[in-house]
**Q** 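I'd like to ask some things about the structure below.
Just so you know, these numbers use all the heavy atoms, side chains as well, and skip hydrogens, waters and symmetry mates. Below, chains carry the letters A, B, ... as their sequence lines are ordered, and counting in each starts from 1.
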Protein chains: 2
Amino acid sequence: MASKKVAPDLDINTEEKIKNAARAVFHKKGFAATRTRDIAEEAGINLALLNYYFRSKEKLFNLIMMETFSGFIKSIVVIFNDETTSLENKVESIASAYIDLLIMEPQIPLFIMSEIRSHPDQLLKTINAKNIITNSAFARQYQQGVKEGKIAPVNILHFIMNLLGLTIFPFIASPMIQVIGDLKEGQFNKLMTERKKMIPKWAKEILKTK
Amino acid sequence: MASKKVAPDLDINTEEKIKNAARAVFHKKGFAATRTRDIAEEAGINLALLNYYFRSKEKLFNLIMMETFSGFIKSIVVIFNDETTSLENKVESIASAYIDLLIMEPQIPLFIMSEIRSHPDQLLKTINAKNIITNSAFARQYQQGVKEGKIAPVNILHFIMNLLGLTIFPFIASPMIQVIGDLKEGQFNKLMTERKKMIPKWAKEILKTK
DNA sequence: GTCTATAACGTGATAGAC
DNA sequence: GTCTATCACGTTATAGAC
């Protein structure tokens, strides 16, 4: 039995090689700026093979987009719907999970936000809208906190925007941040790691602010 | 003398008409997904005219990119370097100025962040790096606050990321926010307007949090 | 300055040999 | 399944008439 390979796709099948290459290139350049030839080259295969396996650039893109987007959303949904954790716990988990993910794959948020601009439907299919939020344990705990006077009576959407903004925005703006802060290799990720501990503290104060 | 027109470009010259159309289309779709024909059509002129005035798609894009980006940055720089206002004042001004701007032109942040991904040099030319931050009145006031124990000793970059994240991120993620929140026409902007008052309060708490 | 027509090129996709 | 060669098409850019 072959050993699990973490590193490059040496002995995995061609279909997987193409998908991995497509993911990398699409994430980096977006749909419109990506040429199928780029993907083929990245995968170390011939252009014709790409169409043999996936029929078209668009079909391949849709596949990658769906996988990336649902993976990105799933993290939130799972954490938000955990009945066994406190609101504070959920905030910590979100910050921690996303920062870990985004240190590994920093292009994901910009990729998703950019492509949604041109394929807005993709989004609506994958998410089943308000239910995710309206019916989550997270929302119930938030409203409960408001009722008990522990949380300021502010629209929960503000808090969600705040939490995601604090967590995700730095990765979207990283080229600007790195220039503004004159950061060297690795310093950016060090800052992001610091934020895993800071964001829950900031969020806690935000929750109390009227 | 002709009266100032806020609305459509009826009697302005062709060059300006093309630039306005190019700005609109590039902002919406990005460089790669934009076809020069789209711009020509939007401008109500012929495709050949575009090349007559601007030589190439890329030259036209660079022009728009420079204008958009420097306009976007200038707001920060001016506010950050005002010696006559307090730190708190500056936070209010940033939130207020950017939210007003982004309600009018919500595509700007995503446009800038996306295009910097492919043209990272453009950025470095326009910003003269660390000086903007390191030498600003804002930075001095921040360090002063830390020294006096009024502000928690946290890297100023964190605070900048927080402030911009709270202000700008909702516009970048607006399609997602609108679905998650099941928002109707206009409700999103109403939320953003609320944030003009809330962000300074949240920022104030964040500044104190160790 | 503005248009129509077209050249020149890049890219997605397929035919067909192996 | 994989490759080379090529087609078909869309897009940028220009030539040339008005």
**Q** Closest to the A:R37 side chain: C:dT2, C:dA13, C:dT4?
**A** C:dA13
**Q** Expressed in angstrom and rounded to an integer, what is the separation of A:L49 atom CG from D:dT4 atom C1'?
**A** 12 Å
**Q** Quick one, which residues of residues 50-68 of chain B touch DNA chain C with a heavy atom under 4.0 Å?
**A** B:Y52, B:Y53
**Q** Quick one: side chain to side chain contact (heavy atoms under 4.5 Å, CB included) partners of B:V78, sequence neighbours excluded?
**A** B:K74
**Q** Are there more than 12 heavy atoms of other residues, nucleotides or ligands under 6.0 Å from atom NZ of A:K28?
**A** no
**Q** Restricting to non-hydrogen atoms, name the atom on B:K197 and the atom on B:K201 that form the minimum distance, rounded to 0.1 Å.
**A** O-CG, 3.8 Å
**Q** Is the ring pair B:F26/B:F31 parallel, tilted or perpendicular, if the boundaries are 30 and 60 degrees?
**A** parallel
**Q** Can you check the A:L47 CG to D:dC7 P distance for me, whole Å?
**A** 16 Å
**Q** Compare side-chain N and O positions of A:T36 against OP1 and OP2 of C:dT11 and report whether any pair is under 4.0 Å apart.
**A** no
**Q** For B:I45 and C:dC3, give me the distance from atom CD1 to atom P, rounded to whole Å.
**A** 7 Å
**Q** Are any of B:T14's side-chain N or O atoms less than 4.0 Å away from OP1 or OP2 of C:dT2?
**A** yes
**Q** So that I know where these two stand, are B:F54 and B:F61 an aromatic pair - ring centroids less than 6.0 Å apart?
**A** no
**Q** Just how far, in rounded Å, is P of D:dT6 from CG of A:N46?
**A** 14 Å
**Q** Please state how far atom CZ in A:F26 lies from atom C1' in C:dG12, giving the value in whole angstrom units.
**A** 12 Å
**Q** Could you walk me through whether B:V77 and B:F80 pass the side chain to side chain contact (heavy atoms under 4.5 Å, CB included) check?
**A** CA-CA 5 Å; B:V77 174; B:F80 270 32; 5.9 Å; no
**Q** Between D:dT14, C:dG12, D:dT2, which one does the side chain of A:R35 approach most closely?
**A** C:dG12
**Q** Nearest whole angstrom, please: distance from the P of D:dT2 to the NZ of A:K17.
**A** 8 Å
